[in-house]
Amino acid sequence: MTASETSVRRNYSLGARRAAVSIVALWHVGFDLVATIGSWEFYRFPWLSGLAWLLYTAIGVVAAIALLTERPLRFGVWPYAVGTLAVSAIVVAACQPGDVVNAADWAWGSVGWLAMILFWPRPTWLRDLSVFLLANVVVTLVGLALAGGFDPLSLSKFLVVSVGAISLQAGASAGGHALDLAARWAVENSNRTARADADRKAADQVHADRLARYAEVRSAVAPVLNLLAEGADPADPDVRHESAVGAARLRRLIAETDDAPDPLLHTLRACAFDVERRGVVVLFLTAGTVPPLPLDVRRALTEAPIEGMARARRQARVTLVATPREVIVSVLTDAPSLPVAGGLRADGVATRVETENGGTQLWIESRWTAQ
């Protein structure tokens with residue numbers, strides 16, 4: 001999951017949590033406080049109702065902070081849930097017998113909102129909230145029974161308000177969790193789509209790399225194969241030299257895929273090893289550390305030198321001199337002829353080919369200079 005996708009999901013989740021906390025705060029201030037103040041003179045014990053309102057507020061502040069900061073409650077959720085049920089019981093005890101499940105008894109329909117944010121982050125939120133709401137119904141029925149309010153009118157009022165309150169509270173909680181679930185599904189679908197696109201691009205790149213590799217191999221061996229197809233004699237020295245050049249180019253392609261700390265030096269040594277296997281004495285000299293070079297520069301630097309090595313008959317001297325801004329690859333060999341013209345080219349790479357000692361030796365130098 002990328003950082004942006006995580007941020008989207010987190011924003012959706014945080015938005016739902018903020019909405020839930022806002023509902024609880026507005027309900028507690030806009031309804032509970034108004035009911036407490038408006039019924040103050042009708043309570044048997046007004047201070048109990050005020051204490052219940054303050055206890056509800058304290059539990060709500062703790063639960064809201066934990067929910068918005070995504071931190072667990074210090075003592076677990078159920079001690080706070082029991083305290084919330086106690087709020088409902090305290091308000092029932094504060095009311096006159098005839099005011100239970102009336103406007104003065106604000107807590108029995110309000111504590112469900114507080115329970116909603118208490119159980120919100122729990123995986124078992126639906127079960128826990130259902131248990132709490134059922135427990136609140138039991139507490140209120142007990143209070144109603146003790147107040148002698150088991151008459152049809154009171155029971156009908158209790159049933160209607162209970163169904164409405166539970167539907168609103170459970171529905172709000174389910175809606176918030178559904179929003180979070182929808183955000184998670186959207187992120188997962190986005191991840192699946194991104195993985196499918198990445199797999200397709202990777203497959204396309206692998207296919208393109210294989211085609212490019214095939215073209216490189218074909219260009220390395222095609223001249224020799226064409227000669228043989230035209231009926232050239234494999235024992236002919238020129239044909240053998242062309243075969244050696246093709247083999248050196250193939251060796252370079254293989255060496256380019258090796259994981260080596262110095263790819264240029266590794267490629268030259270690999271080609272020199274193949275030349276030595278034909279009985280040619282190769283003297284390899286190096287000086288300096290080769291700076292990081294792109295693949296096209298390395299190929300342009302080695303194209304003419306490896307051809308010169310491949311054409312050697314008895315001996316070849318390979319020299320690699322490197323500085324941070326310049327790399328020189330030179331070959332002195334007893335090759336019978338010059339390399340073919342039109343080799344690989346790259347920016348900053350120049351190649352010189354000269355004959356020495358009356359044409360008996362071939363000197364090749366490829367030089368890269370930083371631009």
Side-chain angles (χ1 to χ4, degrees), residues 13-69 73 77 80-96 98-121 125 128-130 132-137 139-140 143-144 154 156-180:
S13 178
L14 183 59
R17 293 169 185 239
R18 287 174 175 172
V21 170
S22 299
I23 291 173
V24 175
L26 290 174
W27 187 277
H28 189 49
V29 174
F31 177 79
D32 299 345
L33 182 60
V34 172
T36 300
I37 295 175
S39 304
W40 190 264
E41 60 181 306
F42 302 109
Y43 287 119
R44 284 193 303 171
F45 307 106
W47 62 272
L48 274 180
S49 182
L51 177 64
W53 191 91
L54 292 175
L55 179 59
Y56 187 113
T57 302
I59 295 174
V61 170
V62 173
I65 293 175
L67 183 64
L68 295 179
T69 59
L73 291 167
V77 67
Y80 295 93
V82 172
T84 304
L85 285 174
V87 170
S88 182
I90 290 172
V91 175
V92 169
C95 290
Q96 298 287 349
D99 288 335
V100 178
V101 303
N102 285 325
D105 187 13
W106 53 266
W108 71 283
S110 178
V111 292
W113 293 114
L114 184 52
M116 178 183 70
I117 63 172
L118 280 172
F119 296 118
W120 187 284
W125 65 270
D128 296 342
L129 182 60
S130 300
F132 177 89
L133 293 175
L134 180 60
N136 184 46
V137 168
V139 169
T140 307
L144 192 62
S154 297
S156 298
K157 184 188 300 183
F158 169 77
L159 181 62
V160 171
V161 177
S162 293
V163 171
I166 290 174
S167 299
L168 287 174
Q169 293 155 3
S173 184
H177 285 88
L179 181 62
D180 187 48

Check whether any side-chain heavy atom of [X] sits under 4.5 Å from a side-chain heavy atom of [Y], and report yes or no.
X: I23; Y: W113; result: yes
X: V111; Y: F132; result: yes
X: I90; Y: L48; result: yes
X: L144; Y: V101; result: yes
X: V87; Y: L114; result: no
X: I37; Y: L33; result: yes
X: F119; Y: V77; result: yes
X: F158; Y: V100; result: no

Set of residues satisfying ring-ring contact (aromatic ring centres under 6.0 Å, His included) with respect to Y43, sequence neighbours excluded
none
Which heavy atom of [X] sits nearest a heavy atom of [Y], and at what distance?
X: Q96; Y: F42; result: CG-O, 3.0 Å
X: G112; Y: Q169; result: CA-OE1, 3.2 Å
X: G176; Y: A16; result: O-CB, 3.8 Å
X: A103; Y: S39; result: C-OG, 4.4 Å
X: I59; Y: G83; result: CD1-C, 3.8 Å
X: T36; Y: S49; result: CG2-OG, 3.6 Å

Not counting sequence neighbours, list each pair that qualifies as a side chain to side chain donor-acceptor pair (under 3.5 Å) and has a residue in residues 82-92.
S88-N136
Report, as yes or no, whether the 6.0 Å neighbourhood of atom CZ on R44 holds more than 12 heavy atoms from other residues, nucleotides or ligands.
yes
Working to the nearest 0.5 Å, report the span between CG of L26 and CG of D32.
11.5 Å
Show your reasoning for whether side-chain contact (heavy atoms from CB on, under 4.5 Å) applies to W120 and H177.
CA-CA 8 Å; W120 187 284; H177 285 88; 3.7 Å; yes
Sequence neighbours excluded, which residues qualify as side chain to side chain donor-acceptor pair (under 3.5 Å) partners of D128?
R122, T124
How are the rings of W106 and Y56 set relative to one another: parallel (under 30°), tilted (30 to 60°) or perpendicular (over 60°)?
perpendicular
Chi angles and distances behind the side-chain contact (heavy atoms from CB on, under 4.5 Å) call for L129, S173:
CA-CA 9 Å; L129 182 60; S173 184; 4.0 Å; yes
